[in-house]
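A, B, ... follow the sequence lines: proteins, then strands. Residue 1 opens every chain.
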Number of protein chains: 2
Amino acid sequence: MAVTIHDIARELNVSSMTVSRVLSSVDNTLVKPATRIRVEEAALRMGYRPNRNARALASGRTNIIGLWISHLNTSVYSQIAQACRVAVQEAGMEISISEMDWHFHASEGHRRFQWPVDGILAVDPPPQDVLEKLLEPTAWKDVPRVHLGSGQSVPWQGDSVCVDLGAGTRTAIEHLLRVGCKRIAYVTPWWGERPGMCHYDAYIEVLKTVGMQPECIVVDDWECPTVRRTVVEHIKANGHPDGIYCHHDEFTIATFRALRDLDLHIPNDVALIGCEGNAFLEYFDPSISTMAMPVPDLCRTSWELLQKRINEPLSPPQNITLPVEFLARASSR
Amino acid sequence: MAVTIHDIARELNVSSMTVSRVLSSVDNTLVKPATRIRVEEAALRMGYRPNRNARALASGRTNIIGLWISHLNTSVYSQIAQACRVAVQEAGMEISISEMDWHFHASEGHRRFQWPVDGILAVDPPPQDVLEKLLEPTAWKDVPRVHLGSGQSVPWQGDSVCVDLGAGTRTAIEHLLRVGCKRIAYVTPWWGERPGMCHYDAYIEVLKTVGMQPECIVVDDWECPTVRRTVVEHIKANGHPDGIYCHHDEFTIATFRALRDLDLHIPNDVALIGCEGNAFLEYFDPSISTMAMPVPDLCRTSWELLQKRINEPLSPPQNITLPVEFLARASSR
DNA sequence: CTGAAAGCGCTTACAG
DNA sequence: CTGAAAGCGCTTACAG
């Protein structure tokens, strides 16, 4: 059986409260230095490991921050998970990752998320109204929570940190115009329930100012093979644009391959720009331009807002917007 | 405050044991159907959410499986995390990911891993003796555990599932020989404390059988920019080999770029084969050959062994080896 | 500086 | 089929 504070207390002939004081680092009442040392030694010697379930139950605090994220299989998302973990750990707390598909039915909400956390970082949650309906029956609505991600046309309520992909997209499209593109296509997943993403709006808007026709290559799912096939078919049917902007970098990589399948030269036939900042893009030949998300800043800022929300529940909510950085490479020159 | 089973019991004028029986799905004593329905309705209506800290404390079981993995930032590892999650969830349990760098000092072991779990899946842990020293003071040594990963010269004790990278490497090198390579280099991280990885051994062994000189391009860390620079410098100093095998696919991607930096044609000047099965390799131009790890099978099998270990603690340990699959592509033709 | 008591929200084990 | 009691391993709040 595991060693408990009572075992240590008995061994040392002190009360378990004294042991708890030394080992918990919660109660900062002073303990006589000699006693403290004896307890610490005994704990080490006996292999004591605090039971955090018990600690959480008694104290009502877990020292855990939940990270709600839809998956960890793409580069940005795994970077976000990593950066959040680093930020949270610096404050002496931990991250617990819940992969949320955001698609569960509200009625099963009461079965999910049964492990208490002290706060939540929610990455790219659905729009406010959908989110509220999901959370309503789960009692999570009262847990401090910060939304972070790529931002939507309608901003989330409460605290949020968004990357300004609208401005980033504008930069990308304007760059394609500057290098002389006359026909700029946009490769994008099917929105489904999330219309109005801000890069789409920006794409449409910039084209309108120069009187250029939008050309959306809409992909049915988020899989690279589908993207590759869809782009090839689109170009076979419609001829090729001379500039392509991709919704995100998995799409960019698949589009790159589709263009090479068709033996189109990049950038001479088609200039290519992605969005997200996937590190591998630099290693392609030619290396591929992209709009880099400021992931560390995004996560650090979100964690700051969450700490503030936890410590000062009544402070006014903040909405922060961060810029993306354009990484110009050979694919768009 | 959160709703507890006592709140529901009071509301319904039953004992909290009855509520617990209905809601816990642990105690399978029969409850009168009418009572069961009343409890379920009240739980839903009142927004009851079980406190799993309390549940774990009382029952001694968490229904959580710990996944010990060094990071989630590379493709295989994030695939492994995903596949383990799927397998474990199918059995009605959850995964909790602990990113372990395996480098913490043994003396701080008692501070780590304080959340109890019912079992552990340990991905690519250090060799048996190092592992034991790390775990000795943590009381984790008694928790059911299965080792999985790319395998080592000296196998782990207890249950394990390893991918046969030795055989995979042999296949890759033999393929390079078959397409006519006369000088085959191996790009590899510096082993540090983990000598004797099996692909290295296999590389040396195959070259010996054909009387070819080994040529290791050793990289100081695991970062792509370092790999790129190291390969470029190596080739500038020594001329280029006509075949390269890379230790894993981040290295493959960086090596690809290094060869293009030097304006070497792939595969005409240098044939290239990676190891791991990174999905993006297919999208490069030319697309890159690799040895694919059987990730879903690896994780599913590991989880089966762990379940068996949990349910039958005294059953004999099993060591299973899985093959890799060679994906031959344009980079090595 | 130290300790005895009560309780966190559940389950186990037993009694009816 | 249902319930009263005890306890999981800690912390809180109070008393000394």
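What separates CG of Leu12(A) from C1' of dG3(C) is a distance of 15 Å, to the nearest Å. Here dT2(C) presents its C1' atom at 13 Å from CZ of Arg38(A), a figure rounded to the nearest Å. Atom P of nucleotide dG9(C) and atom CG of Asp7(B) are separated by 8 Å, given to the nearest angstrom. Atoms CE (Met46(B)) and P (dG9(C)) sit 13 Å apart, rounded to a whole Å. Put simply, CG on Asn13(A) is 13 Å from P on dT2(C), counting in whole angstrom units. As rounded to whole Å, 15 Å separates atom C1' of dC1(D) from atom CD1 of Ile37(B). With rounding to whole Å, Arg36(B) atom CZ is found 10 Å from dT2(D) atom P. Arg61(A) places its CZ atom 23 Å from the P atom of dG9(D), with the value rounded to the nearest Å.
In this structure Glu11(B) satisfies the salt bridge (Lys or Arg N to Asp or Glu O under 4.0 Å) test together with Arg45(B), sequence neighbours excluded. Residues forming a ring pair (Phe, Tyr, Trp, His ring centres under 6.0 Å) with His71(B) (at least two apart in sequence, or on another chain): Tyr77(B). In this view, Ser16(A) and Ile5(A), His6(A), Ala9(A) satisfy the side-chain contact (heavy atoms from CB on, under 4.5 Å) rule, not counting sequence neighbours. With sequence neighbours excluded, the residues satisfying side chain to side chain donor-acceptor pair (under 3.5 Å) with Ser160(B) are Asn319(B).
For the atom pair OG of Ser302(A) and CD1 of Ile65(A), the computed distance is 12.0 Å after rounding to the nearest 0.5 Å.
At dG3(C), one or more side-chain N or O atoms of Thr18(A) fall inside 4.0 Å of OP1 or OP2 (strictly under the cut-off). An OP1 or OP2 oxygen of dT2(C) is reached within less than 4.0 angstrom by a side-chain nitrogen or oxygen of Thr35(A).
Within the 4.5 Å cutoff, no side-chain heavy atoms of His147(B) are placed close to those of Trp68(B). In this structure, the side chains of Ile320(A) and Leu322(A) come closer than 4.5 Å at one or more pairs of heavy atoms.
A salt bridge between Arg52(B) and Glu94(B) is present, with a side-chain N of the basic residue lying under 4.0 Å from a carboxylate O of the acidic one.
Counting only N and O atoms by type, the side chains of Ser150(B) and Asp124(B) include a donor and acceptor under 3.5 Å apart.
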Taking N or O atoms only and anything under 3.5 Å, show me the protein contacts with nucleotides 4-8 of chain D, one pair per line.
from, atom 1, to, atom 2, distance (Å)
dC8(D), O2, Ala58(B), N, 3.3

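Of all nucleotides listed (dT11(C), dT2(C), dG3(D)), dT2(C) comes nearest to the side chain of Val31(A).
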Fill in: Per-nucleotide pairing state of DNA chain C [Watson-Crick or G-U, under 3.5 Å; [ ] pseudoknot-crossing; | other strand]
|||.||||||||.|||
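Mapping His6(A) and Lys32(B) onto DNA chain D by nearest heavy atom places Lys32(B) at the nucleotide closer to the 5' end.
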